[in-house]
Chemist: 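Dumping the structure here so I can ask a few things about it.
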Amino acid sequence: MADKLQRSDVTLDTIVSLCKRRGIIFPGSDIYGGLQGTFDYGPVGAELKRNVKNAWWRSMVQERFDIEGVDTSLLLHPAVWTASGHVENFTDPLCDSLGPSRKRYRADHIEETECAKFVLVDVTDNAAPKTLDTEIWAPTKKKAKEFFQQWYEKALGLEGRRVKIEEVEGSRTTGRFSPDDGGRLTEARQFNLMLSTTLGPVEESSAKVFLRPETAQGIFINYENARATARRKLPFGIAQQGKSFRNEITPRNFIFRTREFEQMEMEFFCKPGEFCKEGEQSDMEWFEFWRNERLQWYIRYGIQPANLRFYDHPKEKLSHYSRGTTDIEYLYPIGWQELEGIAHRGNFDLTQHMEHSGKDLRYFDPDANTHYVPYVIEPAAGVDRAMLAFLCDAYREEIVTSGEEGEGGKESRRVVLGLHKDLAPVKAAVFPLLKNRPELVETAKKIAADLKRFTNAVYDDTAAIGKLYRRQDEIGTPFCVTVDVDSMEDQAVTVRERDSMQQVRIPLDRVVAYLRDQLQG
RNA sequence: GCGGGAGUAGCUCAGUGGUAGAGCUUCAGCCUUCCAAGCUGAAUGUCGCGGGUUCAAGUCCCGUCUCCCGCUCCA
């Protein structure tokens with residue numbers, strides 16, 4: 001029946017357009033021209049987002065015996081971020097080339113190289129050579145010439161003129177220069193990725209505080225409170241969902257990188273390997289466990305396994321707190337990108353908070369009869385990134401042939417979000433086949449009301465039946481119920497399934513129970 | 001921040017100095033016995049925002065904001 005659209009044909013624009021059209025996601029502050037790096041979730045998107053979060057909470061907290069949930073403050077004591085290393089490390093030193101490329105670099109990504117200074121001499125007029133006030137830093141004259149041809153010739157308007165490139169004697173030195181145009185670099189400026197605000201009525205005298213760049217620290221500083229009150233022994237986890245803020249240099253790619261975003265993080269506290277007895281899972285084994293567990297979660301909720309993969313961070317690229325990090329990457333329309341990070345944070349965070357707060361956060365292990373600081377495995381997922389992945393993976397366009405048994409069937413396009421039923425924003429829609437028959441309308445409304453008592457259902461009669469189905473397909477509604485003229489006779493209705501478009505006849509008095517079974521199964 | 005591209009109806013876009021348009025969507029009515037049907041009618045725009053040139057600006061100029069692509073970043 002349907003020619004499925006290739007994965008590579010789904011562009012981000014297609015998803016953005018659908019999101020706006022169907023009330024899933026809008027640009028933030030839209031009527032004021034937008035605010036970079038912010039997005040608002042609409043009527044349908046709010047349901048989808050809630051469902052994603054609930055699915056995570058269900059897997060990570062509800063279905064497990066070893067994880068507790070918390071909900072901590074967005075504003076934390078400034079000392080938290082000193083202890084966590086974010087004040088010091090959560091910064092990018094940036095510098096710009098003073099050459100014509102004007103390129104910007106991470107200062108720590110530029111390697112020191114031995115270069116000499118080259119100057120340009122305009123010898124178009126042989127009798128009066130003119131030395132230009134421009135310097136190019138390059139390891140060789142050949143390289144300097146390349147830079148000249150790529151950037152300087154045009155920038156300085158020297159096309160068609162004869163220019164000699166001369167090395168300045170004794171200028172050879174080791175330093176950092178733009179690898180693109182040989183220009184000097186500006187001083188590195190520290191760009192901290194944390195957003196801040198002030199607490200207190202008078203701004204000048206009030207305290208500067210940071211908006212959290214990750215939810216994890218709220219968990220670490222509550223570790224002992226949560227452990228003691230939940231009467232937990234190792235290993236156990238603490239989970240949290242909530243907003244985080246990062247002053248990203250360049251928010252980009254729809255909701256993939258935004259300045260305000262929502263995280264789903266779990267800190268799993270476990271015994272360091274050396275304290276484990278025979279048969280106990282070590283920290284590295286838990287790391288392995290959570291890598292796979294989190295991958296399976298995405299598959300469970302409908303992501304095609306072929307669109308998921310692991311990426312192990314090489315040691316030299318690890319964050320300041322990490323002993324090992326694996327990303328779960330998803331094949332977005334923009335390419336393979338991080339969906340979730342699973343980090344082995346060692347005992348970095350608790351140790352830091354012990355030192356800075358003066359509180360003892362060690363764990364007393366009755367089996368080993370000793371104190372130690374637990375190790376932490378952290379699966380950290382982005383709600384918005386997960387939503388985007390679910391949307392991209394669920395999106396498909398099909399050519400549908402209407403009409404009976406293929407004779408003179410008319411072809412049309414249908415857009416379907418094949419979302420997992422737990423994620424679908426609307427679970428069921430109820431229609432009267434004909435809206436000018438009061439008894440059909442009344443029955444349909446009654447069914448919708450009954451469904452609404454346990455799930456999100458809608459009633460709609462503002463179009464022909466085909467259009468009503470397609471509207472629901474676009475937002476991934478798994479089931480549609482249609483009340484027709486026969487319903488009055490046989491006391492039954494048609495239930496149409498989204499993906500197969502198959503219809504089954506269900507007695508009126510059983511339709512709610514039927515859908516409840518289908519949706520929970 | 002730098003370079004390139006773009007902002008006109010809810011969406012996709014046309015409109016190259018002279019009365020703001022089309023298709024789709026949305027809404028209402030009629031009709032319609034299950035997959036975007038048909039007919040009739042309607043709504044919606046300070047042409048991203050601000051300034052300038054001109055008798056006249058969506059169109060030309062300046063500024064500014066936002067979006068997209070690249071450098072950088074990561075949940």
Side-chain angles (χ1 to χ4, degrees), chain A residues 11-13 16-18 20-23 26-38 90 92-97 99-107 109 151 180 186 189 191 193 213-216 243-244 246-258 261-265 313 317 319 325 327-329 334 337-343 378-386 388 400-404 409-410 412-415 431-437 440 462-474 480-487 493-494 496 501 503:
Chain A
T11 65
L12 198 55
D13 281 344
V16 172
S17 171
L18 174 73
K20 188 157 189 188
R21 189 166 74 241
R22 291 283 114 157
F26 309 119
S29 306
D30 202 9
I31 65 169
Y32 286 99
L35 178 66
Q36 201 181 15
T38 62
F90 210 58
D92 288 337
L94 299 178
C95 59
D96 299 304
S97 169
S101 74
R102 308 301 297 172
K103 292 224 178 207
R104 167 171 290 183
Y105 308 94
R106 281 274 304 264
H109 285 185
W151 299 103
D180 291 287
T186 60
R189 285 157 301 162
F191 185 89
L193 275 80
E214 62 173 24
T215 57
K243 287 281 180 80
S244 290
R246 290 182 194 177
N247 195 15
E248 297 289 349
I249 305 164
T250 313
R252 236 358 120 69
N253 291 323
F254 197 37
I255 57 171
F256 183 78
R257 177 171 295 113
T258 53
F261 61 103
E262 190 148 3
Q263 293 187 298
M264 307 185 283
E265 294 193 305
H313 285 225
K317 281 198 169 179
S319 317
T325 299
D327 288 345
I328 295 175
E329 295 189 328
I334 51 174
Q337 295 285 344
E338 183 186 0
L339 178 56
E340 168 161 355
I342 296 106
E378 173 198 77
V383 178
D384 314 86
R385 286 185 179 183
L388 186 57
V400 181
T401 309
S402 63
E404 290 303 311
K410 218 173 80 178
S412 64
R413 194 179 66 115
R414 89 165 177 147
V415 172
F431 317 129
L433 186 61
L434 302 172
K435 71 171 162 182
N436 58 1
R437 304 287 184 89
L440 303 193
T462 58
I465 189 69
K467 185 178 285 188
L468 294 177
Y469 284 144
R470 298 300 167 81
R471 271 186 198 157
Q472 295 302 323
D473 288 341
E474 276 203 332
C480 293
V481 178
T482 300
V483 180
D484 59 32
V485 180
D486 291 340
S487 299
V493 293
T494 299
R496 177 258 201 188
M501 296 194 287
Q503 305 188 341

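Letters A, B, ... are given to chains in the order of the sequence lines, protein chains preceding strands, and every chain is numbered from 1.
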Chemist: Provide the Watson-Crick or G-U wobble partner of B:rA56, both distances under 3.5 Å; none if there is no partner.
Modeler: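 Pairing partner, where one exists within any strand: none, as none qualifies.
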Chemist: Quick one: does NZ or CZ of A:Arg385 land under 6.0 Å from the six-membered ring centre of A:Phe261, within 45 degrees of the ring axis?
Modeler: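 No cation-pi geometry.
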Chemist: Just checking A:Asn436: base, sugar-phosphate only, or nothing, at a heavy-atom cut-off of under 4.0 Å?
Modeler: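 Base contact.
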Chemist: Nearest-Å distance, CZ (A:Phe431) to C1' (B:rC34)?
Modeler: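 Interatomic distance, CZ of A:Phe431 to C1' of B:rC34: 11 Å.
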Chemist: Looking only at N and O atoms, is any donor in the side chain of A:Arg496 or the base of B:rC35 less than 3.5 Å from an acceptor on the other one?
Modeler: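 Indeed there is one.
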Chemist: Whether the side chain of A:Ser487 engages the backbone of A:Asp484 through a donor-acceptor N/O pair (distance < 3.5 Å, no angle test) should be reported.
Modeler: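 Looks like yes, one N/O pair under 3.5 Å.
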Chemist: Using atom P of each nucleotide, how far apart are B:rC47 and B:rC60 to the nearest Å?
Modeler: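 So the two P atoms sit 16 Å from each other.
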Chemist: Kindly point out which of B:rG10, B:rG29, B:rC35 is positioned nearest to the side chain of A:Lys435?
Modeler: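 The nucleotide sitting nearest to the side chain is B:rG29.
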Chemist: Who passes salt bridge (Lys or Arg N to Asp or Glu O under 4.0 Å) against A:Glu214, sequence neighbours left out?
Modeler: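 By the salt bridge (Lys or Arg N to Asp or Glu O under 4.0 Å) rule, A:Glu214 matches A:Arg345.
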Chemist: Quick one: is A:Thr462 getting a side-chain N or O under 4.0 Å of the B:rC27 phosphate, OP1 or OP2?
Modeler: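 Yes, because at least one side-chain N or O of A:Thr462 sits under 4.0 Å from OP1 or OP2 of B:rC27.
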Chemist: Between A:Asp484 (CG) and B:rC35 (P), how many Å, whole number?
Modeler: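 About 12 Å, once rounded to whole Å.
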Chemist: What's the gap between B:rA37 and B:rU32 when it is taken at their P atoms, as a whole Å value?
Modeler: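 The answer is 16 Å between these two P atoms.
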Chemist: Scan side-chain atoms only and decide if A:Thr462 and A:Arg471 contain a donor-acceptor pair under the 3.5 Å cut-off.
Modeler: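 Yes, a side-chain donor-acceptor pair sits under 3.5 Å.
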Chemist: Spell out protein contact along nucleotides 68-75 of chain B as letters: B when the base is contacted, S when just the sugar-phosphate is, - when no protein heavy atom is under 4.0 Å; keep the 5' to 3' order.
Modeler: SBBBBBBB
Chemist: Tell me which nucleotide among B:rA36, B:rG10, B:rU32 gets nearest to the side chain of A:Lys20.
Modeler: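 It is B:rG10.
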Chemist: So, under a plain 3.5 Å distance rule, would you say the side chain of A:Ser17 forms a donor-acceptor pair with the base of B:rC11?
Modeler: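 A donor-acceptor contact between them is absent.
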Chemist: Of the candidate nucleotides B:rA36, B:rU26, B:rU33, which contains the atom at the shortest distance from the side chain of A:Glu474?
Modeler: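 For A:Glu474, the side-chain atoms sit closest to B:rA36.
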Chemist: Taking atom C1' in both B:rU19 and B:rG23, compute the distance separating them and give it to the nearest angstrom.
Modeler: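 It comes out at 23 Å once rounded to the nearest Å.
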Chemist: Who does B:rU66 pair with, Watson-Crick or G-U, both distances under 3.5 Å?
Modeler: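 Pairing partner: B:rA6.
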Chemist: Sticking with atom C1', work out how far B:rA9 lies from B:rU26, rounded to a whole angstrom.
Modeler: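 That atom pair is separated by 11 Å.
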Chemist: Please give the distance between the C1' atoms of B:rC13 and B:rU53 as a whole number of Å.
Modeler: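 Pairwise C1' distance, B:rC13 against B:rU53, rounds to 29 Å.
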Chemist: Does the side chain of A:Arg21 get closer than 4.0 angstrom to OP1 or OP2 of B:rU26 through an N or O atom?
Modeler: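 No, no such contact exists.
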Chemist: Using the P atom as the point on both nucleotides, what is the distance between B:rU66 and B:rA22, in whole Å?
Modeler: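 Looking at atom P only, B:rA22 and B:rU66 are 33 Å apart.
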Chemist: Using atom types as modelled and distance alone, determine if a side-chain donor or acceptor of A:Arg246 lies under 3.5 Å from a backbone N or O of A:Pro213.
Modeler: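 Here the side-chain-to-backbone pair exists.
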Chemist: Which nucleotide in the set B:rU26, B:rC27, B:rU33 lies at the smallest distance from any side-chain heavy atom of A:Val485?
Modeler: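 In terms of side-chain proximity for A:Val485, the closest of B:rU26, B:rC27, B:rU33 is B:rU33.
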Chemist: Could you tell me which nucleotide pairs with B:rC74 by Watson-Crick or G-U wobble geometry, both distances under 3.5 Å, or answer none if nothing does?
Modeler: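 For B:rC74, the partner nucleotide comes out as none, under the 3.5 Å rule.
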Chemist: Would you mind reporting whether A:Glu329 and A:Leu339 have side-chain heavy atoms less than 4.5 Å apart?
Modeler: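 No, side chains not in contact.
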Chemist: For the P atoms, the ones on B:rG48 and on B:rA20, what distance do you get once it is rounded to whole angstrom?
Modeler: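 Looking at atom P only, B:rG48 and B:rA20 are 15 Å apart.
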Chemist: Sequence neighbours left out, what passes side-chain contact (heavy atoms from CB on, under 4.5 Å) with A:Thr215? Give chain and number order.
Modeler: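 Scan of A:Thr215 (side-chain contact (heavy atoms from CB on, under 4.5 Å), adjacent residues dropped) gives A:Arg212, A:Gln240, A:Ser244, A:Gln263, A:Glu265.
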Chemist: Check A:Asp473 with A:Lys467, please: is the shortest side-chain N to carboxylate O separation under 4.0 Å?
Modeler: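 Salt bridge between A:Lys467 and A:Asp473, a charged N being under 4.0 Å from a carboxylate O: no.
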Chemist: Write down the distance separating the P atoms in B:rA57 and B:rG17, rounded off to the nearest Å.
Modeler: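 About 14 Å, rounded to a whole number of Å.
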